[in-house]
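Presented below is the structure to which this report refers.
These numbers come from the heavy atoms of this one structure, side chains and all, not from hydrogens, waters or symmetry mates.
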Amino acid sequence: MKIALLGFGTIGTGVYELINLNKGRFSNNLDEPVVISKILDKDPNKHVDPSDQVCKIVTDPALIMDDPEIQIVISLLGGMDFEYKMIKAALEHGKNVVTASKAVLSEYFDELTGIAAEKNVFLRYEAAVGGGIPIIGSLKEELKINRIDEIKGILNGTTNYILSNMTENGADFDDTLKKAQQIGFAEADPTADIEGYDVSRKLAILSTLAYGGVVRDEDIKKRGLSDVSAIDVEMAGDMGYTIKYLGHSKLVNKNQVYTTVEPVLFSKESMMSNVNSEFNIISIKGDIIGELQFYGKGAGKDATANAVVGDALYIINCLKEDREPPYKKLDKKLHKMGNSGFSGRYYLRVNIADNDELAFVMSVMDADKGRENIVISDEAIFYTTSTIQADVFDGLVDRIKECVSDVFYARIYE
């Protein structure tokens, strides 16, 4: 059986090593040889391993799409438009597809699964969420028995590394981000990670699967992480909490979906607080099984390549056994309700330059009557509040930001 690989970057190289160079035990699970015969890459000067006599680099996608011997296409291109075009083309050509593209899937999930169902081919995407954590397959299995009504998790290794480093070393955000970039934990342009898009896309995919209707990245309320400072980490620690970056969705009354990606505070004793560095944790809650948590490496060459090759092996076995691709219609009409279904106490820090700013902030917070504790220093005012609805507190902070720009806040998970 022949496979085509689209993209020969870090993850693509890992997949190539597992399949063609026999790293690991992939070939032990096969009755007949399976190889990557073509790799699509824009650089014609790239080379495969000198010992590999079966695989070649191509720059023209048609050499893959029009090749009847290629039954599986593994798409690891990155980006959005071109990868979407390639995945769609592969499915329309009747080829089975494995991808790790959370961006494409979160935007075009219903379209691509619809084409796959029409063409009776497999579309697998375990590596798109959670790297090496087998959350997609586990979620599908639980949905055979359970109604899933809540998903939450630490879903981004870059931001979790930053927060873990800030907590351990008392470092500030900008310095820690630079360090993460130097060692390859963060991209040169970290926007997708620190502004919540990476988490949001993963949460959209999981929520779509779990709730039976389409949830897109644009439906999810998200706040970035870049406003967090060393003093916030220190204050949270003194209160008995750890700051984490959380994606959370829940289904209420069968069709109301509430979603959020935001910094939050967890008790130091909680499981979430003790997930550090590039590790991720994902929790799903079913009506029969209760809460299940999945923990593991959420990123990295080997972890992600392992998930990709696992999907390829699943397809190979299904084709050998002549099993049909299992697709369910995503036709449930969901009402996207933003973050209004979440509530809790809040931690708030506002940097102030003078007494006028102090008076303004206090007037806004006094109007809410929700403050529980207040600390004032020479440069900042710190609040913890009583329980407030998430969208209401967002509105209070928006009012504060009309006068003061340096603000950080996080909801407290009890």
Side-chain angles (χ1 to χ4, degrees), residues 1-104 121-128 131-132 184 187-188 297 299-320:
M1 183 180 294
K2 293 183 178 179
I3 296 174
L5 175 62
L6 312 184
F8 205 27
T10 301
I11 308 305
T13 301
V15 169
Y16 170 76
E17 291 171 352
L18 285 173
I19 295 177
N20 279 35
L21 303 186
N22 295 319
K23 181 180 177 181
R25 302 182 61 194
F26 173 76
S27 61
N28 295 2
N29 295 283
L30 304 171
D31 298 329
E32 58 181 304
V34 173
V35 294
I36 295 172
S37 62
K38 293 177 183 176
I39 298 175
L40 179 71
D41 195 275
K42 62 184 178 182
D43 183 0
N45 296 314
K46 276 197 176 179
H47 298 287
V48 297
D49 190 272
S51 65
D52 188 346
Q53 302 299 309
V54 297
C55 184
K56 63 180 181 179
I57 303 290
V58 300
T59 58
D60 183 359
L63 295 174
I64 290 172
M65 302 304 169
D66 296 335
D67 187 339
E69 293 188 328
I70 291 174
Q71 293 181 263
I72 300 173
V73 171
I74 297 175
S75 184
L76 302 170
L77 292 161
M80 171 67 86
D81 294 340
F82 185 61
E83 180 142 32
Y84 160 67
K85 181 181 176 181
M86 290 297 96
I87 293 172
K88 183 177 180 181
L91 293 171
E92 289 177 336
H93 279 77
K95 300 185 186 301
N96 303 281
V97 173
V98 177
T99 184
S101 178
K102 65 190 78 69
V104 171
V121 293
F122 291 88
L123 172 62
R124 300 281 293 183
Y125 43 90
E126 185 66 69
E187 301 288 341
K297 283 191 175 182
K301 173 183 173 181
D302 290 338
T304 307
N306 180 77
V308 169
V309 175
D311 274 345
L313 185 60
Y314 174 88
I315 293 172
I316 291 165
N317 289 329
C318 287
L319 295 177
K320 181 177 67 177

NZ (K42) with more than 12 external heavy atoms under 6.0 Å: no
Spatial distance of atom CG (D52) from atom CD1 (I19) [nearest 0.5 Å]: 11.5 Å
Crowding at CD, E92 (>12 non-hydrogen neighbours, <6.0 Å): yes
Check: T99 side chain, S75 main-chain N or O, donor-acceptor pair, under 3.5 Å: yes
Value rounded to 0.5 Å, distance of CG in L30 from CG in L313: 6.0 Å
Any donor-acceptor N/O pair, N306 side chain to G132 backbone, under 3.5 Å: no
pair R124-I72: side-chain heavy atoms closer than 4.5 Å: no
Heavy-atom closest pair, residues D311 and A127: OD2-N, 4.3 Å
Candidate list L5, T10, L40, test side chain to side chain contact (heavy atoms under 4.5 Å, CB included), partner L76, passing option: L5
Ring pair (Phe, Tyr, Trp, His ring centres under 6.0 Å) contacts touching residues 74-103 (sequence neighbours left out): Y84-Y108
Test item: Q71 and K2 side chains (from C-beta on) under 4.5 Å apart, heavy atoms: no
Distance-minimising heavy-atom pair for G7 and L77: N-CD2, 3.7 Å
Contacts of type ring pair (Phe, Tyr, Trp, His ring centres under 6.0 Å), residue F26, not counting sequence neighbours: none
Flag, side chain of K95 to backbone of I70, donor-acceptor distance under 3.5 Å: yes
Within-4.5 Å side-chain heavy-atom neighbours: D67 and L63: no
V121 and V97, any side-chain heavy atoms less than 4.5 Å apart: no
Result of checking V309, V308, I315 against I74 for side chain to side chain contact (heavy atoms under 4.5 Å, CB included): V308
Distance-minimising heavy-atom pair for K23 and L18: O-CD2, 2.9 Å
Distance (rounded to the nearest 0.5 Å) between M86 CE and S101 OG: 13.0 Å
From K85 atom NZ to M80 atom CE, the distance as rounded to the nearest 0.5 Å: 15.5 Å
Student check: side-chain heavy atoms of V98 and N96 closer than 4.5 Å: no
Least distance between heavy atoms, I36 atom then Y16 atom: CD1-CA, 3.8 Å
Close side-chain approach of V73 to I64, heavy-atom, < 4.5 Å: yes
K46 side chain vs D41 backbone, donor-acceptor pair below 3.5 Å: no
Separation between CD1 of I87 and CG of L123, rounded to the nearest 0.5 Å: 7.0 Å
Heavy atoms from other residues, nucleotides or ligands near NZ of K320 exceed 12 (cutoff 6.0 Å): yes
Inter-residue atom distance Y314.OH - L319.CG, 0.5 Å rounding: 10.5 Å
N20 side chain reached by D49 side chain, heavy atoms, under 4.5 Å: no
Student check: side-chain heavy atoms of L21 and S51 closer than 4.5 Å: yes
